[in-house]
Amino acid sequence: MKKQIKMKTIILLLLLLQIILNVVNFTMAEPIYSEIFRCKKDFGTYQLNSLYQTNLVSALKSLPALTSKSVGVKPNEVTAVSLCAGYLNPQDCKSCVDKTIPLLLQKCPNQKGAAAWRVKCMVKYGEPVLNNYDVWFVANEVSYIITKDVVGLQNTLSSLVDKLLLRLYNGQPTGYAYGTQDYKNNRIVYMVMQCTNDISHKDCTKCILHVSGEIKRCCSGAIAAAILTPNCYLRYTHNDFRVLN
């Protein structure tokens, strides 16, 4: 009798341990944006104490109170842009942008074009380009856990992308959409997509289609991922990242 009770206790403990490990695995599997910095080398460099640097500092100081600011005239015109996750409160947005700017200047010293993604915000600057749409880099953060149902997850993601694309500018001036969709075994896929305010509605849609197309190439089967560009991003997970992070 005692052996049976002891065996049942061990089994219950093992089941409890498995549940805890599953929770930990799914939590740890969510991609945390590392500090992604990109220097746009083909834009060239500027001299210290130059007019370009003065304009750059002035443009960056306006962020994030203004999401986009241009200062000066060519060839010393600088446009600085910031983007905070649409679910972020203003205080956290400002904190993220304020901490990102000096790091970006440190990582890309004297560069006339650069961009940085940190946690929940993005900062970029450079010379103005046509329509401000310039996907000159694509970065991704991918979970190391792969689902057994790759096709099922891919179909869910495709369906959710299509649904959120219709909401990008639904009653709001900025390109932002957040939503969920049931996946399997009572799991839910959470997704957010967002564009910077300096591009058109048409280019925003083009950018989101670009990054959603990257999912199959970089993240097939991954239970969580984020695809980041200078103009837009897309993120999906199995947890509500608005609460967890």
Side-chain angles (χ1 to χ4, degrees), residues 8 10-36 83-89 92-93 96 117-122 138-172 174-195 204-205 207-229 232-245:
K8 288 182 179 179
I10 292 173
I11 292 173
L12 287 173
L13 287 173
L14 288 173
L15 289 173
L16 180 61
L17 178 60
Q18 185 61 52
I19 292 172
I20 293 172
L21 287 174
N22 286 340
V23 171
V24 170
N25 279 337
F26 274 104
T27 301
M28 292 178 65
E30 303 301 338
I32 300 174
Y33 297 161
S34 57
E35 296 185 345
I36 297 172
L83 174 67
C84 289
Y87 51 85
L88 208 60
N89 64 56
D92 289 341
C93 173
C96 185
W117 272 102
R118 290 186 66 252
V119 191
K120 293 183 178 181
C121 72
M122 186 271 290
V138 178
N140 57 70
E141 298 278 323
V142 186
S143 169
Y144 60 84
I145 294 183
I146 305 299
T147 181
K148 293 180 180 178
D149 184 13
V150 175
V151 175
L153 177 59
Q154 188 61 53
N155 290 339
T156 300
L157 293 174
S158 296
S159 175
L160 192 50
V161 166
D162 291 341
K163 183 167 65 175
L164 294 187
L165 277 170
L166 299 175
R167 302 180 189 172
L168 268 176
Y169 289 97
N170 188 13
Q172 58 190 12
T174 58
Y176 170 77
Y178 168 86
T180 65
Q181 186 157 319
D182 292 336
Y183 171 43
K184 62 180 297 185
N185 297 330
N186 297 320
R187 287 184 188 156
I188 298 173
V189 174
Y190 299 81
M191 181 180 288
V192 62
M193 55 177 65
Q194 189 173 358
C195 297
C204 176
T205 300
C207 190
I208 294 297
L209 289 174
H210 184 146
V211 296
S212 64
E214 290 289 322
I215 293 176
K216 286 185 180 180
R217 287 185 282 274
C218 75
C219 327
S220 181
I223 66 165
I227 301 92
L228 317 165
T229 81
C232 70
Y233 76 96
L234 182 151
R235 181 184 185 186
Y236 73 88
T237 72
H238 281 295
N239 291 317
D240 190 347
F241 41 80
R242 300 175 304 169
V243 177
L244 293 176
N245 295 337

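In this chain, numbering begins with 1 at the start of the sequence shown.
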(request) Taking all non-hydrogen atoms of both residues into account, name the closest pair between Leu165 and Met193 and its distance. (result) N-SD, 4.0 Å
(request) Kindly give the heavy-atom pair with the smallest separation between Ser220 and Ile146, and that separation in Å. (result) O-CD1, 4.1 Å
(message) Using a strict SG to SG cutoff of under 2.5 Å, would you count Cys84 and Cys96 as disulfide-linked?
(response) no
(request) Given side-chain contact (heavy atoms from CB on, under 4.5 Å), test Tyr233 with Leu83 step by step and report yes or no. (result) CA-CA 10 Å; Tyr233 76 96; Leu83 174 67; 4.0 Å; yes
(request) Among residues two or more places apart or on two chains, list those pairs meeting side-chain hydrogen bond (donor to acceptor under 3.5 Å, both in side chains) that have a residue in residues 157-170. (result) Ser159-Gln181
(request) Supply the atom-to-atom distance Lys148 NZ to Leu153 CG, rounded to the nearest 0.5 angstrom. (result) 14.5 Å
(request) Using modelled atom types only, decide if a donor and an acceptor are shared between the side chain of Trp117 and the backbone of Thr229 within a distance under 3.5 Å. (result) yes
(message) Can you confirm whether Glu141 sits close enough to Ile36 that some side-chain heavy atom of one is under 4.5 Å from a side-chain heavy atom of the other?
(response) yes
(request) Taking all non-hydrogen atoms of both residues into account, name the closest pair between Thr147 and Val150 and its distance. (result) O-CG2, 3.6 Å
(request) Quickly, which of Thr156, Thr237, Leu157, Thr180 forms a side chain to side chain contact (heavy atoms under 4.5 Å, CB included) with Met191? Name it, please. (result) Leu157
(request) Determine yes or no for a side-chain-to-main-chain donor-acceptor pair under 3.5 angstrom, with Gln194 supplying the side chain and Gly86 the backbone. (result) yes
(request) With rounding to the nearest 0.5 Å, note down the distance linking SG in Cys218 to CG in Asn140. (result) 4.0 Å
(request) Determine, stepwise, if the pair His238 / Ile188 fulfils side-chain contact (heavy atoms from CB on, under 4.5 Å). (result) CA-CA 6 Å; His238 281 295; Ile188 298 173; over 6 Å; no
(request) Would you give the length of the straight line joining atom NZ of Lys120 to atom CG of Asp92, rounded to the nearest 0.5 angstrom? (result) 7.5 Å
(message) Between Met122 and Leu228, is there a side-chain heavy-atom distance shorter than 4.5 Å?
(response) no
(message) Would you compute the distance between atom NE2 of His210 and atom CD1 of Ile227 and round it to the nearest 0.5 angstrom?
(response) 10.0 Å
(message) Once rounded to the nearest 0.5 Å, what's the spacing between atom CD1 of Ile215 and atom OH of Tyr236?
(response) 6.0 Å
(request) Let me see the working for Tyr178 and Asp240 under side-chain hydrogen bond (donor to acceptor under 3.5 Å, both in side chains), right down to the final yes or no. (result) CA-CA 10 Å; Tyr178 168 86; Asp240 190 347; 3.1 Å; yes
(message) Tell me every residue that passes disulfide bond (SG atoms under 2.5 Å apart) with Cys204, counting only those two or more places apart in sequence or in another chain.
(response) Cys195
(request) Can you measure from CG (Leu234) to OG (Ser212) and round to the nearest 0.5 angstrom? (result) 6.5 Å
(request) Return the orientation label for the Tyr176 and Tyr87 ring planes: parallel under 30°, perpendicular over 60°, tilted otherwise. (result) tilted
(request) Check side chain to side chain donor-acceptor pair (under 3.5 Å) between Tyr190 and all other residues, then give those that pass, not counting sequence neighbours. (result) none
